[in-house]
Amino acid sequence: MRFDVLTLFPGLFPPYLDQGVLGRGIRDGLVSVEIHDIRDEGEGKHRTVDDVPFGGGAGMVMKPGPIVRWIRRLETDGARHTRVVLLSPQGPRLTNETAMRLAGEDRIILVCGRYEGIDDRVREHFVDEEVSIGDYVLTGGELPALVLLDVVSRFVPGVVGNDESVRSDSLYDGLLKYPQYTQPRDFEGIGVPDVLLSGDHGRIAAWRREATLRRTASLRPDLLDRAKLTESERAIFDASVHRNAGTHEHLGGGA
Ligand code: SAM
């Protein structure tokens, strides 16, 4: 799949996109990312991209022209199925479900705002959806665009080498992942649950499932409603929620 990013700060992207799992996915041709400077479509000899808000008030507002010209340029550039996504603190919050849906698109244009944001006619008439990465306001849409790029790319087959790793991550099935440990067995006097050293795969799987339920009940009881649990799992979950009421559970999930 292909992402086109519209930004006033194109230099912010390469350092992140060159590295790690995402960098490899791009090098392997599974994901392609093109970064475009909105100012290239700016107006007049100074390539102006912003102006004062109508009605007065603080700050500058990004003009619609440069952004809409970029969207049109990209959409006529042979792309039939392009979804235009505006990064905005006013949009619905980004979730795994949104990311999985977007991973099914051929092509996505990400529009990053700056200053006081973008002339609202862009949102009303030229974008397909808005996405927020959380209930706070950043100085620009570049970090949100990178967050979206990263989370969507993880759902593009092949980007994360082992699909099982994506499917066993927190929130994939609506629950948090069980705790994990590695060497050394004893770190400054702190051990790990014995069951993980037992070599008994059945017991390990059962321990992990229970730890998943206990941890989710402790940290994110709100996830219960959407989780698909068997009756006995629900009983473990409910008991953990009950036990945690007023206390702070040991999050390791016990041995
Ligand atoms: N004045 C705007 C408001 O009150 O809604 C906020 C503008 S913000 C300073 C500048 C840009 O940062 C926004 O246009 C958006 O692209 C981006 N941005 C800030 N916070 C964001 C968030 N939580 N999620 C996604 N984008 C965000």
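Computed from a predicted structure; not experimentally measured. First listed ligand is number 1; within each ligand, the first listed atom is number 1.
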Heavy-atom pair with the smallest gap, counting every atom of P157 and L30: O-CD2, 4.1 Å
Taking 4.0 angstrom as the limit, do E43 and R69 come out as a salt bridge? yes
Heavy-atom closest contact (F126 atom, I71 atom, distance): O-CD1, 4.0 Å
Say whether, by atom type as modelled, one donor and one acceptor occur between the side chain of R39 and the main chain of R47 under 3.5 angstrom. yes
Going by the side chain to side chain contact (heavy atoms under 4.5 Å, CB included) test, name the single residue among L22, V21, L17 that passes it with D150. L22
Exercise answer, ligand 1 polar atom pairs (N/O) under 3.5 angstrom:
| residue | atom | partner | partner atom | Å |
| --- | --- | --- | --- | --- |
| ligand 1 | 1 (N) | E116 | O | 2.9 |
| ligand 1 | 5 (O) | Q90 | NE2 | 2.9 |
| ligand 1 | 12 (O) | G141 | N | 3.4 |
| ligand 1 | 16 (O) | L87 | O | 2.7 |
| ligand 1 | 16 (O) | G113 | N | 2.9 |
| ligand 1 | 20 (N) | L138 | N | 3.0 |
| ligand 1 | 23 (N) | G134 | O | 3.1 |
| ligand 1 | 23 (N) | Y136 | O | 2.8 |
| ligand 1 | 24 (N) | I133 | N | 3.1 |
| ligand 1 | 26 (N) | S88 | N | 3.3 |

Side-chain donor-acceptor contact under 3.5 Å, T82 with E75: no
